[in-house]
Asker: 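Below you will find the structure I want to go over with you.
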Amino acid sequence: MSNAAEPANIMEAIVSLAKRRGFIYPSSEIYGGLNGFFDYGPLGAELKKNIRDCWWNDMVRRRDDIVGLESSIIMHPKVWEASGHVAGFTDPLVDCKVSKQRYRADQLFFAPVYIAQFALGRGSVGEASPPPSGFTWSNSPIFYVSALETENVEETLKEAAREHKRKKSIPGEFRLGGIRDMTEAKPEEIELIPSPATGEPGSLTEPRSFNMMFQTNVGAMTDASSVAYLRPETAQGMFVDFKNVVDTTRVKLPFGIAQIGKSFRNEITPRNFIFRSREFEQMEMEYFIHEDADWARCHEEWIAWCENWLKSIGLPASHLSRYTHPKEKLAFYSKGTVDIMFKYPFGVQELWGIAARGNYDLTQHATASGKPQELFDETSKKKFVPHVIEPAVGVDRILLAVLCAGYAVEDVTDEKGNVEKRTVLRFSPRIAPVKVAVLPLLKNKEQLTNRAKALHAKLQKRYAVQYDDGGAIGKRYRRQDEAGTPWCVTIDFETIEQPGDTFTLRERDTMAQRRITESELFSLLDEHVY
RNA sequence: GCGGCUAUAGUUUAAUGGUAAAACCUCUGCCUUCCAAGCAGGUGUCGUCGGUUCGAUUCCGACUAGCCGCUCCA
């Protein structure tokens with residue numbers, strides 16, 4: 001059961017297998033591909049659908065307190081203003097071309113420096129304190145200084161100015177012009193501002209803003225009034241439709257609204273296969289609770305629920321861990337966020353975020369829309385805005401996790417003692433793209449193929465199954481191993497010659513074989529596929 | 001967006017300034033009584049565009065995509 005693949009190459013092997021077996025293709029490949037986008041092939045589409053269905057069934061259908069929703073991908077642009085995405089998604093960045101350092105423009109401060117000189121010119125500049133008698137300030141800045149955001153930016157900048165004066169032997173008093181950050185720099189100033197890394201000007205780029213929301217235009221006109229965004233998260237749909245759900249579905253606190261759907265983020269660096277892509281699918285649920293409810297307990301319950309759900313689709317507990325966001329890094333409205341982490345081959349990464357968001361979102365939308373988002377408390381006779389616990393997970397990240405966790409290359413020793421490699425994807429039967437493969441032992445015996453086709457047709461009504469009569473039986477077993485099919489049933493001579501109508505059931509993980517009847521097979525599937 | 005490395009069949013890899021090879025996979029046929037058997041066939045515009053050259057898959061440049069490191073990840 002050893003994992004023969006080198007850890008360093010394991011992602012490469014998984015990407016290669018995913019392509020070869022039809023799980024995942026690069027998007028638009030015949031045109032050279034498109035960075036950050038992927039297509040799901042026949043097996044990938046089944047796998048992904050199964051993950052969605054498991055989640056939807058467990059989260060919505062098998063609970064009495066959660067209802068489903070499908071909101072539109074393009075929503076009113078004001079939704080994203082209220083949610084903070086229009087402002088908060090813009091992170092202008094500045095690069096230093098020499099040191100290759102990158103800074104957030106709003107965290108990189110600069111100031112022009114003026115030097116006292118004899119009063120030869122036409123008066124002082126700016127709003128500075130009066131110059132010493134007999135001197136006036138230089139008309140234009142002699143040089144610029146810069147500093148990263150610290151507790152005392154002004155002092156740091158002054159220190160930098162003193163240092164520069166000393167190095168360049170510039171005499172006289174100095175004063176700083178207004179301190180600004182790089183987002184406020186004029187184009188002609190960029191060249192003059194020194195890089196914090198080198199201390200020399202000329203290497204900084206203009207601030208470039210990376211708003212991660214994809215923009216489009218709605219309607220025939222392409223102007224400012226038609227701008228709309230592809231949603232960067234599905235959550236806002238649940239908040240915006242909160243009152244609709246409350247008014248039309250008889251839900252009572254605590255209750256949740258769940259949604260599965262595509263979201264879009266123009267990521268600067270898509271990386272790690274489908275882990276961070278620009279078009280991805282989210283499964284989010286907003287669980288609304290009373291403002292006086294014990295949110296911390298509810299939060300913990302949802303974290304545990306999510307962990308158990310991940311285990312139920314076959315992710316090993318050994319690969320799961322928790323990361324609690326430090327208080328000081330939380331958004332001001334957040335009471336706490338815990339990420340369930342997964343040990344991917346490329347590192348331990350965020351899989352499922354469970355955030356206690358207070359009533360921030362509903363309050364924002366109430367303010368922005370002018371429509372109160374309140375419920376009435378019959379006990380206290382007061383209106384209140386519910387708080388929310390939000391478990392948010394990416395389908396694609398789960399799919400990658402089950403691919404990585406299930407992938408194994410084993411050494412198999414045959415009867416003659418030869419060691420061969422067996423590649424297998426150990427998907428849980430719940431999510432496996434193919435539940436069972438139906439194989440006639442031999443292709444050229446009609447009795448076998450007829451019985452096999454009949455069984456296949458019967459299974460096909462309820463389950464994703466495959467019929468395969470190509471090549472030797474061993475090869476077909478291995479082919480199903482690579483597709484992650486948990487069981488194969490082989491129609492052999494015992495099936496048609498012995499009483500009992502039994503088949504060979506071959507298990508993927510152990511390669512063990514046993515006899516099984518048709519009704520036993522259906523019971524087996526019924527037990528494990530739900 | 002920056003730096004380094006890379007791009008040959010579906011996959012993994014060769015060779016070569018004179019238009020390419022192997023294995024595996026896949027498909028068709030034959031054969032095959034339980035773990036990638038065998039035989040016979042089929043499937044390739046060397047990522048794209050341009051430059052140098054009599055001639056470029058090979059050398060150069062740009063672009064696109066991938067990997068690694070920065071950066072980013074509300």
Side-chain angles (χ1 to χ4, degrees), chain A residues 8-9 11-13 15-22 25-37 41 80 83-104 203 205-213 232-233 235 265-273 275-276 278 329-331 333-334 339 346 349-350 353 355 410 412-416 418 420-424 439-445 448 469-482 488-497 503-508 510-513:
Chain A
N9 299 326
M11 276 310 295
E12 242 172 278
V15 171
S16 165
L17 175 64
K19 170 84 186 289
R20 183 156 42 88
R21 283 297 171 189
Y25 312 125
S27 166
S28 318
E29 199 182 9
I30 62 170
Y31 291 105
L34 187 60
N35 188 288
F37 297 90
W80 307 109
S83 70
H85 288 82
V86 171
F89 245 22
T90 311
D91 275 344
L93 299 176
V94 171
D95 287 309
C96 170
K97 285 178 281 196
V98 173
S99 69
K100 307 303 177 194
Q101 293 293 303
R102 159 166 288 187
Y103 309 99
R104 276 191 35 190
S203 68
T205 63
E206 283 187 40
R208 282 183 290 249
S209 85
F210 298 103
N211 191 310
M212 296 225 282
M213 281 198 292
E233 62 172 34
R265 296 180 193 179
N266 199 1
E267 296 284 355
I268 299 165
T269 311
R271 205 48 84 83
N272 291 326
F273 200 28
F275 181 81
R276 176 173 295 121
R278 290 177 166 141
K329 288 206 168 183
L330 293 175
Y333 54 82
S334 179
D339 290 336
F346 46 85
Q349 298 280 341
E350 177 191 329
E410 300 175 352
V412 178
T413 309
D414 67 14
E415 292 158 354
K416 295 167 193 157
N418 299 322
E420 291 177 328
K421 301 282 187 212
R422 179 174 87 116
T423 302
V424 57
L439 319 171
L441 183 58
L442 298 178
K443 184 185 187 178
N444 56 0
K445 297 283 186 293
L448 296 176
D469 61 10
I473 187 71
K475 187 171 192 162
R476 283 177 271 161
Y477 285 152
R478 298 298 175 81
R479 186 151 50 204
Q480 293 299 330
D481 288 340
E482 283 198 348
C488 294
V489 282
T490 301
I491 284 66
D492 47 29
F493 288 95
E494 201 175 327
T495 311
I496 53 177
E497 289 170 359
F503 321 112
T504 297
L505 180 81
R506 184 263 193 184
E507 290 186 350
R508 176 194 63 201
T510 61
M511 295 191 284
Q513 299 183 174

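Predicted model only: the values in this text are computed from it and were never measured. To find a chain, count down the sequence lines: A is the first, B the second, and so on, and within it residues start at 1.
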Asker: Spell out yes or no: do the side chain of A:Glu482 and the base of B:A36 have one donor N/O and one acceptor N/O closer than 3.5 Å?
Answerer: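 Indeed, a donor on one side and an acceptor on the other fall under 3.5 Å apart.
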Asker: With heavy-atom distances below 4.5 Å as the criterion, would you say the side chains of A:Met212 and A:His85 are in contact?
Answerer: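 No, their side chains stay 4.5 Å or more apart.
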Asker: With a non-hydrogen cut-off below 4.0 angstrom, is A:Phe273 in contact with a base, only sugar-phosphate, or nothing?
Answerer: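 It contacts sugar-phosphate atoms only.
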Asker: Tell me, please, which residues at least two apart from A:Phe273 pass ring-ring contact (aromatic ring centres under 6.0 Å, His included).
Answerer: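 Scan of A:Phe273 (ring-ring contact (aromatic ring centres under 6.0 Å, His included), adjacent residues dropped) gives A:Phe38.
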Asker: Which residue, A:Gln513 or A:Ala472, contacts RNA chain B at a nucleotide closer to its 5' end, judged by nearest heavy atom?
Answerer: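 So the residue in question is A:Gln513.
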Asker: For atom P, what is the distance between B:A36 and B:G50, given to the nearest Å?
Answerer: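 The same atom, P, in both gives a distance of 49 Å.
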Asker: Under the side chain to side chain contact (heavy atoms under 4.5 Å, CB included) rule, collect the residues that match up with A:Arg20, sequence neighbours excluded.
Answerer: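 A:Arg20: side chain to side chain contact (heavy atoms under 4.5 Å, CB included) contacts with A:Ser16, A:Leu17, A:Glu482.
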Asker: Is there a donor and acceptor pair, one atom on the side chain of A:Arg271 and one on the base of B:G69, closer than 3.5 Å?
Answerer: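 When only heavy-atom distances are counted, A:Arg271 does reach the base of B:G69 through a donor-acceptor pair under 3.5 Å.
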Asker: Please compare A:Phe37 and A:Lys19 by the position of their nearest nucleotide in RNA chain B and report the one closer to 5'.
Answerer: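 The answer here is A:Lys19.
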Asker: When you measure from the side chain of A:Lys475, which nucleotide among B:C35, B:U26, B:A74 comes out closest?
Answerer: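 When the side chain of A:Lys475 is considered, B:U26 is the closest of B:C35, B:U26, B:A74.
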Asker: Which listed nucleotide (B:A74, B:A65, B:U12) is nearest to the side chain of A:Ser16?
Answerer: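 Ranking B:A74, B:A65, B:U12 by closest atom to the A:Ser16 side chain puts B:U12 first.
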Asker: Taking CG from A:Asp469 and P from B:U26, how many angstroms apart are they, rounded to a whole number?
Answerer: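 In whole Å, B:U26 P and A:Asp469 CG are 13 Å from each other.
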Asker: I'd like the P distance from B:G47 over to B:U53, given in whole Å.
Answerer: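 Looking at atom P only, B:U53 and B:G47 are 23 Å apart.
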Asker: Tell me the interatomic distance from A:Arg278, atom CZ, to B:G1, atom C1', rounded to whole angstroms.
Answerer: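 After rounding, the gap between these two atoms is 11 Å.
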Asker: Return the value, rounded to whole Å, for the distance between atom CG of A:Leu17 and atom C1' of B:G10.
Answerer: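 Taking atom C1' of B:G10 as the reference, CG of A:Leu17 is at 13 Å.
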Asker: Nearest to the A:Arg20 side chain among B:C35, B:G29, B:G10, which nucleotide is it?
Answerer: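 When the side chain of A:Arg20 is considered, B:G10 is the closest of B:C35, B:G29, B:G10.
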Asker: Check whether any side-chain heavy atom of A:Arg476 sits under 4.5 Å from a side-chain heavy atom of A:Pro440, and report yes or no.
Answerer: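 In contact.
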Asker: Are any non-hydrogen side-chain atoms of A:Met11 and A:Phe275 less than 4.5 angstrom apart?
Answerer: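 Answer no - side chains too far apart.
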Asker: My understanding is that only residues two or more places apart in sequence, or in another chain, count here; which of them pass side chain to side chain contact (heavy atoms under 4.5 Å, CB included) with A:Asn444?
Answerer: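 Result, side chain to side chain contact (heavy atoms under 4.5 Å, CB included) vs A:Asn444: A:Leu442.
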Asker: Send over the distance from A:Leu441 CG to B:C31 P, rounded to a whole Å.
Answerer: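 Rounded to whole Å, this separation is 15 Å.
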Asker: Among B:A65, B:U32, B:A74, which is the nearest nucleotide to the side chain of A:Met212?
Answerer: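 For the A:Met212 side chain, the nearest candidate turns out to be B:A74.
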Asker: Using atom P of each nucleotide, how far apart are B:C46 and B:C5 to the nearest Å?
Answerer: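 Straight-line distance between the two P atoms is 25 Å.
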Asker: Would you mind classifying the nucleic acid contact of A:Glu233 as base, sugar-phosphate or nothing, using non-hydrogen atoms under 4.0 angstrom?
Answerer: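 The answer is base, as A:Glu233 lies within the cut-off (heavy atoms under 4.0 Å) of a base atom.
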Asker: List RNA chain B stems (3 or more consecutive Watson-Crick/G-U pairs, under 3.5 Å)?
Answerer: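 Stems (3+ consecutive pairs) listed as B:1-7 with B:64-70, B:10-13 with B:21-24, B:26-30 with B:38-42, B:47-51 with B:59-63.
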Asker: Using atom C1' in both nucleotides, what's the gap between B:U11 and B:U26 to the nearest angstrom?
Answerer: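 Comparing C1' positions in B:U11 and B:U26 gives a spacing of 11 Å.
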Asker: How many Å lie between CD1 on A:Ile473 and C1' on B:C31, as a whole number?
Answerer: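 Going from A:Ile473 (CD1) to B:C31 (C1'), I get 15 Å.
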Asker: Can you tell me, in whole Å, how much space there is between the C1' of B:U58 and that of B:A74?
Answerer: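 Between the two C1' atoms, the distance is 48 Å.
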Asker: Counting only side-chain heavy atoms from C-beta out, which of B:A36, B:U33, B:C31 sits nearest to A:Asn444?
Answerer: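 In terms of side-chain proximity for A:Asn444, the closest of B:A36, B:U33, B:C31 is B:C31.
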Asker: For A:Phe493, enumerate each residue passing the ring-ring contact (aromatic ring centres under 6.0 Å, His included) test, keeping only those at least two apart in sequence or located in another chain.
Answerer: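 None.
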Asker: So if I apply the salt bridge (charged side-chain N to carboxylate O under 4.0 Å, His left out) rule between A:Asp481 and each of A:Arg422, A:Arg508, A:Lys475, which one comes out positive?
Answerer: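 That would be A:Arg422; it is the only one of A:Arg422, A:Arg508, A:Lys475 passing the salt bridge (charged side-chain N to carboxylate O under 4.0 Å, His left out) with A:Asp481.
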Asker: Is any side-chain N or O of A:Arg21 under 3.5 Å from a base N or O of B:C25, one able to act as donor and the other as acceptor?
Answerer: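 Absent.
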Asker: Looking at B:U33, B:A74, B:A36, which one has an atom nearest to any side-chain atom of A:Leu442?
Answerer: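 Of the candidates, B:U33 comes closest.
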Asker: Could you tell me the separation between the CG atom of A:Asn272 and the C1' atom of B:G66, rounded to a whole number of Å?
Answerer: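 For the pair A:Asn272 CG and B:G66 C1', the rounded distance is 12 Å.
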Asker: Considering only the C1' atoms, how many Å lie between B:C63 and B:U6, rounded to the nearest integer?
Answerer: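 Result for the C1' pair: 15 Å, nearest Å.
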Asker: Does B:C24 have OP1 or OP2 under 4.0 Å away from a side-chain N or O of A:Lys421?
Answerer: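 Checking A:Lys421 against B:C24: no side-chain N or O falls below 4.0 Å of OP1 or OP2.
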Asker: Using atom C1' of each nucleotide, how far apart are B:C25 and B:U12 to the nearest Å?
Answerer: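 Each nucleotide's C1' atom is 10 Å from the other's.
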Asker: Among B:C35, B:A36, B:U26, which nucleotide sits nearest the side chain of A:Arg479?
Answerer: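 For the A:Arg479 side chain, the nearest candidate turns out to be B:U26.
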Asker: Rounded to the nearest Å, what distance is computed from the CZ atom of residue A:Arg478 to the P atom of nucleotide B:C35?
Answerer: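 My rounded result for the distance is 9 Å.
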Asker: Run the side-chain donor-acceptor check on residues 29-36 of chain A: report pairs under 3.5 Å with partners two or more places apart or on a different chain.
Answerer:
{"residue": "A:Glu29", "atom": "OE2", "partner": "A:Lys19", "partner atom": "NZ", "Å": "3.2"}
{"residue": "A:Asn35", "atom": "OD1", "partner": "A:Arg278", "partner atom": "NH1", "Å": "3.4"}

Asker: Are side-chain heavy atoms of A:Met511 and A:Val412 found at a separation under 4.5 Å?
Answerer: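 Yes, side chains in contact.
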Asker: For B:G61 versus B:G4, give the span between their P atoms, rounded off to a whole number of Å.
Answerer: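 Their P atoms lie roughly 12 Å apart.
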Asker: Could you give the OH-to-C1' distance, from A:Tyr25 to B:G10, as a whole number of Å?
Answerer: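 Answer to the nearest Å: 9 Å.
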